[in-house]
Amino acid sequence: MGSPQAGSTAGTFNPHHALELPAEAEPKARERIIAAATRLFCQYGITAVGVDAVVAEAATAKATLYKAFGSKERLVEAVLEREGAAWRDWFLGELLKGEATPLSRLRRIFPVLRDWFGDDRFFGCPFINAVAEHDKRDDRMRQIALAHKKVVLATLSRLAAEAGAPDPDGAAHQLGLLIDGAIVAAMITRDENVALLAGETADLLLARMTAAEVA
């Protein structure tokens, strides 16, 4: 999903660092609000965090928040869009960096996720969390989450095709299910090693995929 985010440990994504600027820089109010909302929403949840908490964290006025975003819901959307882009730059970048075969790139998925899970400020996937918190009959959060997922699955499908998978889209969706399951399990258990269990399952999938290609 690119290079590690500024301030994070090597190779590890941390949403709290994704919007940090150098100390000498004076971020604009809009950027401060997004950064503050990202930190608060990720840790405490969207529903639990009101605009008062966001503006206090961002050291700005409530009127500034409403002028920039119009509503809390629009702020939530802005946070998810920014957070999704940063996560994809990191995750897909880690898979694609350097010289490696498509199969080797796919095998990087769960070791990369394990690094993320091990961060003290890992709070799960903001998209999964957002859908879980909102009205399940409201498709708005679901569509935002699906747009994010579509980009990730497209890269996994391309790598699967390059690795010789007879059904690249199917393989991508299977890997996507393992990714989502590992994220939720890691959030609940606080055990980064669930990524290794998911990786073992992924290895079986990839072995069958390449065996089918050879056959």
(Q) Can you list everything that forms a side-chain contact (heavy atoms from CB on, under 4.5 Å) with A37? Sequence neighbours excluded, please. (A) F41, V54, L75, V79
Q: Just jot down the side-chain contact (heavy atoms from CB on, under 4.5 Å) partners of V131, sequence neighbours excluded, or say none.
A: M141, A145
To the nearest 0.5 Å, how far apart are [atom1] in [X] and [atom2] in [Y]?
X    : Y    : atom1 : atom2 : answer
L178 : L204 : CG    : CG    : 10.0 Å
K136 : R142 : NZ    : CZ    : 8.5 Å
E31  : I33  : CD    : CD1   : 9.5 Å
R105 : E94  : CZ    : CD    : 11.5 Å

Can you name the closest pair of heavy atoms from [X] and [Y] and give their distance?
X    : Y    : value
V49  : L40  : CG2-O, 3.7 Å
D135 : R137 : OD1-N, 2.9 Å
A172 : L153 : O-CD2, 3.3 Å
M209 : A163 : CE-CB, 3.8 Å
A78  : R30  : CB-NH2, 4.4 Å
D119 : R190 : O-NH2, 3.9 Å

Q.
With a 3.5 Å distance limit and no angle check, can you tell me whether E133 reaches the backbone of T47 through a side-chain donor-acceptor pair?
A. yes
Q. Does L95 offer a backbone N or O that forms a donor-acceptor pair with the side chain of K97 under 3.5 Å?
A. no
Q: Give the intermediate values and the outcome of side-chain contact (heavy atoms from CB on, under 4.5 Å) for residues R82 and T38.
A: CA-CA 9 Å; R82 184 75 67 87; T38 298; 5.9 Å; no
Q: Starting from the C-alpha separation in whole Å, work towards a yes-or-no answer on side-chain contact (heavy atoms from CB on, under 4.5 Å) for I46 and K72.
A: CA-CA 9 Å; I46 294 168; K72 180 184 174 183; 4.1 Å; yes
(Q) Show me the pairs that pass side chain to side chain donor-acceptor pair (under 3.5 Å) and involve residues 162-179, at least two apart or across chains. (A) S157-D169, R158-E162
Q) For residues 178-189, which residue pairs qualify under side chain to side chain donor-acceptor pair (under 3.5 Å), counting only residues two or more places apart or in two chains? A) K149-D180
Hydrophobic clustering (ILVMFWY, side-chain heavy atoms < 4.5 Å, transitive) - are [Y] and [X] grouped together?
X    : Y    : answer
Y44  : V76  : yes
I188 : I128 : yes
W116 : L197 : no
I109 : V151 : yes

Q | R140: salt bridge (Lys or Arg N to Asp or Glu O under 4.0 Å) partners, not counting sequence neighbours | A | E73, E77, D138
Any [X] side-chain heavy atom under 4.5 Å of [Y] side chain:
X    : Y    : result
F117 : I183 : yes
L80  : E83  : no
F122 : D115 : no

Q) Does F69 have any ring-ring contact (aromatic ring centres under 6.0 Å, His included) partners at least two apart in sequence or in another chain, and if so, which? A) none
(Q) Taking atom NZ as the centre, does K150 end up with more than 12 heavy-atom neighbours from other residues, nucleotides or ligands that are less than 6.0 angstrom away? (A) no
Q: Quick one: do F110 and D203 satisfy side-chain contact (heavy atoms from CB on, under 4.5 Å)? Show the steps, please.
A: CA-CA 10 Å; F110 294 97; D203 285 343; over 6 Å; no
Q. Would N129 and M187 count as a side-chain contact (heavy atoms from CB on, under 4.5 Å) if you check the C-alpha gap in whole Å, the side-chain angles of each, and the deciding distance to 0.1 Å?
A. CA-CA 10 Å; N129 296 345; M187 180 177 63; 3.6 Å; yes
